[in-house]
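Since the structure comes first, as structure tokens, the remarks are kept for the end.
Every chain is numbered from 1, with letters handed out A, B, ... down the list of sequences.
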2 protein chains.
Amino acid sequence: MQSQLELRHLKTLLALAECGSVSQAAKRVFLTQSALSHQLKALEEAYGLALFERKTQPLRFTPAGERLLALARDVAARVMQAERDLARLREGEAGELRIAVECHTCFDWLMPAMDAFRQHWPAVELDIVSGFHADPVGLLLTRRADLAICSEAEPQDGVVYQPLFAYEMVLIMAKDHPLAAKPVWQAGDFADETLIHYPVPDVMLDLVRKVLKPAGVNPARRTSELTVAIIQLVASRRGVAAMPFWAVKPYLDRGYIASARIGDAGLQSELYAALRQDDAGLAYMHDFLHTVREQSFATLPGLSVLA
Amino acid sequence: MQSQLELRHLKTLLALAECGSVSQAAKRVFLTQSALSHQLKALEEAYGLALFERKTQPLRFTPAGERLLALARDVAARVMQAERDLARLREGEAGELRIAVECHTCFDWLMPAMDAFRQHWPAVELDIVSGFHADPVGLLLTRRADLAICSEAEPQDGVVYQPLFAYEMVLIMAKDHPLAAKPVWQAGDFADETLIHYPVPDVMLDLVRKVLKPAGVNPARRTSELTVAIIQLVASRRGVAAMPFWAVKPYLDRGYIASARIGDAGLQSELYAALRQDDAGLAYMHDFLHTVREQSFATLPGLSVLA
DNA sequence: CTACAATCATGAGGCAATTTCATTATTTTA
DNA sequence: TAAAATAATGAAATTGCCTCATGATTGTAG
């Protein structure tokens with residue numbers, strides 16, 4: 001035994017199981033691929049057992065690897081629970097967490113996270129600030145909300161931003177759309193299309209703000225409140241829309257619609273949580289953010305970490 | 001959070017709970033007192049909570065400390081179980097473990113350890129080589145035993161020694177013995193006494209071999225097979241005996257007998273496990289030794305670690 | 001089938017975290 | 001009250017982990 005097992009190793013195994021590759025897992029735990037490779041090699045040498053088959057994508061765990069993975073899940077949950085208990089000893093059980101949301105699709109990942117959080121902090125009053133506000137951070141400072149989900153971290157006095165995750169917005173269109181074979185759309189391709197989107201101001205539509213407006217393209221518009229409705233309209237050739245990849249993947253897999261990248265580099269979206277500086281130290285806040293990330297990475301496809 | 005929780009911290013907490021003091025715990029985990037002091041301070045800072053009250057002997061855990069300690073017990077057990085499972089994947093379930101014992105009192109700690117081991121390795125044939133042999137290591141090489149308990153690590157080809165623990169042999173006498181007030185006995189004090197001991201050769205009696213014989217003192221003798229019988233004889237003023245402190249502590253506490261140190265430095269005894277070199281890598285052997293140490297330190301008072 | 005992209009492995013070197021050392025402060029015991 | 005044991009502290013040193021740079025391997029597209 002040259003290297004003793006540590007929690008760090010178990011966390012690596014968890015990331016590895018979720019990502020299916022060493023390099024992806026490395027990003028998840030904020031280390032280099034090399035670091036993880038060394039770490040895993042040391043583990044395998046310490047136990048004298050192969051823990052994975054690397055020659056496959058995603059990589060497969062051996063029975064020994066599975067056993068350690070089971071330990072990791074088990075131990076990680078218990079450590080988290082203990083740390084929550086310590087936080088409660090330190091700061092008490094109660095608190096308030098009113099969440100302001102500006103994006104419609106956010107509810108997809110917000111609900112499961114809130115459910116998990118409610119289990120862990122039953123005495124924290126959890127709420128969603130209703131309506132879609134152009135300035136969720138304003139609600140923070142006027143104390144009508146305690147946490148705001150937003151897509152940019154504009155520096156502001158008394159407010160701190162915590163990165164959640166990043167993802168790609170893809171263009172969706174009908175399967176028989178004339179440009180369905182085009183893998184990448186440029187701003188000009190939108191000129192004669194109808195753009196379908198949620199009924200929110202243009203500044204909240206990344207496609208308009210970052211791509212179309214700079215290029216002076218101004219397609220026809222149509223709005224809808226519901227994600228499924230938008231997808232239905234797109235499939236019915238009423239127009240095209242920009243959606244998070246993770247929101248439309250099920251429909252793509254089933255062949256209901258087609259998708260394309262927006263711009264050569266893709267239209268990247270980021271999500272941050274904004275908090276009042278005074279609240280930044282609260283344990284239940286940290287735990288909520290942790291839960292959001294954990295739940296989201298576990299359930300949404302194609303997410304990437306955000307520094 | 002400046003320091004992330006690691007298994008190392010949990011092991012420290014376990015040692016601390018068992019020893020009741022930082023410096024004793026440090027010996028247990030083979031680190032310096034300073035290292036543990038730093039480690040604990042970092043933990044407390046990371047969680048923003050006091051984990052112990054230091055101004056007491058033995059030190060008391062705060063509720064937060066208790067919570068972390070509970071985590072440590074829980075996690076340590078699960079990690080051990082997982083590592084046993086890995087060892088079984090590597091080396092199989094079965095094996096043979098015949099134990100040769102040369103000392104009578106050894107059974108006190110051997111039985112609980114064997115019980116625990118049997119739970120963990122049900123497919124390993126566990127046995128005790130009956131009778132008391134002057135040369136247990138010989139049984140090893142002739143393959144009539146797989147592990148020998150002995151009090152000295154005499155280098156021998158093909159045999160490796162693993163330290164178990166160390167303890168002090170104390171002299172016991174009747175409460176109204178003329179020398180009962182003497183805290184330390186020297187060799188000469190034995191001249192007119194009757195020495196009661198197990199019926200084994202003199203070389204196996206540390207008191208005779210290390211103290212009396214070098215001083216040319218040769219007291220009267222009387223033997224008995226059973227520890228309780230020897231204690232009964234001592235209490236009945238039939239003579240004095242040398243016994244491990246941990247074996248007689250209950251009787252001392254109840255006031256049945258009195259004790260004294262043997263020689264100014266005390267008569268220190270050590271116990272080693274001898275194995276055939278070929279078997280030194282076997283996981284169930286390591287696990288057995290680990291179990292012996294764990295069980296013994298947890299139940300026998302006054303043990304000390306042995307490098 | 002070859003070339004390219006992505007993923008993984010490896011060794012050397014740097015750096016940070018932990019440990020030890022040396023000393024002082026505190027508590028317990030005689 | 002002194003002496004012994006235990007704990008805290010800061011600086012130095014070591015260990016071990018991570019990153020960097022590069023080569024090997026695997027998967028994929030043309």
Side-chain angles (χ1 to χ4, degrees), chain A residues 1-13 15-46 50-62 65 181 183-184 261 264-266 302 304 307, chain B residues 1-13 15-46 50-62 65 181-184 261 264-266 302 304-305 307:
Chain A
M1 292 252 191
Q2 64 164 306
S3 154
Q4 270 294 317
L5 183 72
E6 286 292 353
L7 291 184
R8 155 171 38 96
H9 298 117
L10 298 183
K11 287 179 186 148
T12 296
L13 289 180
L16 200 55
E18 274 196 356
C19 299
S21 96
V22 177
S23 31
Q24 289 307 107
K27 287 177 189 145
R28 197 73 80 77
V29 295
F30 297 100
L31 290 175
T32 61
Q33 169 267 323
S34 175
L36 256 61
S37 187
H38 283 294
Q39 212 177 87
L40 296 171
K41 181 186 164 142
L43 257 193
E44 293 190 315
E45 274 175 11
L51 298 175
F52 340 85
E53 297 168 28
R54 266 94 162 200
K55 330 232 150 184
T56 140
Q57 190 69 356
L59 93 175
R60 266 210 311 276
F61 284 69
T62 64
V184 179
R261 167 160 292 182
D264 295 314
S304 53
Chain B
M1 294 251 189
Q2 64 165 305
S3 154
Q4 268 296 317
L5 183 72
E6 286 292 353
L7 291 184
R8 157 170 39 97
H9 298 118
L10 298 182
K11 287 178 186 150
T12 295
L13 289 180
L16 200 55
E18 274 196 357
C19 298
S21 96
V22 177
S23 31
Q24 289 307 107
K27 287 177 189 146
R28 200 70 81 78
V29 295
F30 297 100
L31 289 175
T32 61
Q33 169 268 322
S34 177
L36 256 61
S37 187
H38 283 295
Q39 211 177 90
L40 296 170
K41 182 185 164 142
L43 257 193
E44 293 190 314
E45 274 175 11
L51 298 175
F52 337 86
E53 297 169 27
R54 264 90 163 204
K55 330 234 150 183
T56 136
Q57 191 70 349
L59 62 77
R60 267 211 310 275
F61 284 69
T62 64
K182 205 165 190 277
V184 178
R261 167 161 292 182
D264 296 314
S304 54
V305 291

Euclidean distance, [Y] [atom2] relative to [X] [atom1], rounded to 0.5 Å:
{"X": "A/Leu16", "Y": "A/Leu40", "atom1": "CG", "atom2": "CG", "result": "6.0 Å"}
{"X": "B/Arg261", "Y": "B/Lys182", "atom1": "CZ", "atom2": "NZ", "result": "13.0 Å"}
{"X": "A/Thr62", "Y": "A/Leu51", "atom1": "OG1", "atom2": "CG", "result": "5.5 Å"}

- Is B/Glu44 paired with B/Arg54 through a side-chain N to carboxylate O contact shorter than 4.0 Å? yes

[N] [atom2] sits how many Å from [X] [atom1], rounded?
{"X": "A/Arg8", "N": "D/dG16", "atom1": "CZ", "atom2": "P", "result": "11 Å"}
{"X": "A/Leu16", "N": "C/dT7", "atom1": "CG", "atom2": "P", "result": "13 Å"}
{"X": "B/His9", "N": "C/dA17", "atom1": "NE2", "atom2": "P", "result": "12 Å"}
{"X": "B/Gln4", "N": "C/dT18", "atom1": "CD", "atom2": "P", "result": "10 Å"}
{"X": "B/Leu59", "N": "D/dA8", "atom1": "CG", "atom2": "P", "result": "9 Å"}
{"X": "A/Leu43", "N": "D/dG16", "atom1": "CG", "atom2": "P", "result": "16 Å"}
{"X": "B/Leu40", "N": "C/dT19", "atom1": "CG", "atom2": "P", "result": "11 Å"}
{"X": "A/Lys27", "N": "C/dC8", "atom1": "NZ", "atom2": "P", "result": "10 Å"}

Can you check nucleotides 9-11 of chain D for protein contacts, nitrogen or oxygen pairs under 3.5 Å, and list what you find?
from, atom 1, to, atom 2, distance (Å)
D/dT9, OP2, B/Lys41, NZ, 3.3
D/dT9, O4, B/Ser34, OG, 2.9
D/dG10, O6, B/Ser34, OG, 3.4
D/dG10, O6, B/His38, NE2, 3.1

Which atom of [X] lies closest to which atom of [Y], heavy atoms considered:
{"X": "B/Gln57", "Y": "B/Gly20", "answer": "OE1-O, 4.0 Å"}
{"X": "A/Thr56", "Y": "A/Arg60", "answer": "CG2-N, 4.0 Å"}
{"X": "A/Lys11", "Y": "A/Val29", "answer": "O-CG1, 4.3 Å"}
{"X": "B/Leu7", "Y": "A/Leu5", "answer": "CD1-O, 3.4 Å"}
{"X": "A/Gln33", "Y": "A/Val22", "answer": "O-CG1, 3.9 Å"}
{"X": "A/Ser21", "Y": "A/Leu59", "answer": "N-CD2, 4.1 Å"}

- Item | Residue B/Thr32, side-chain atoms from C-beta onward, closest of D/dT19, C/dC21, D/dA7 | C/dC21

- How large an angle, rounded to 10°, do the end axes of the helix from C/dC1-D/dG30 to C/dA30-D/dT1 enclose when each is built from five base pairs? 40°

Anything under 3.5 Å between a protein N or O and an N or O of nucleotides 26-29 of chain D, put it in a table, one pair a line.
from, atom 1, to, atom 2, distance (Å)
D/dT26, OP1, A/Lys55, NZ, 3.2
D/dG27, OP1, A/Lys55, O, 2.7

- Does B/His9 reach the main-chain N or O of B/Glu6 with its side chain, forming a donor-acceptor pair under 3.5 Å? yes

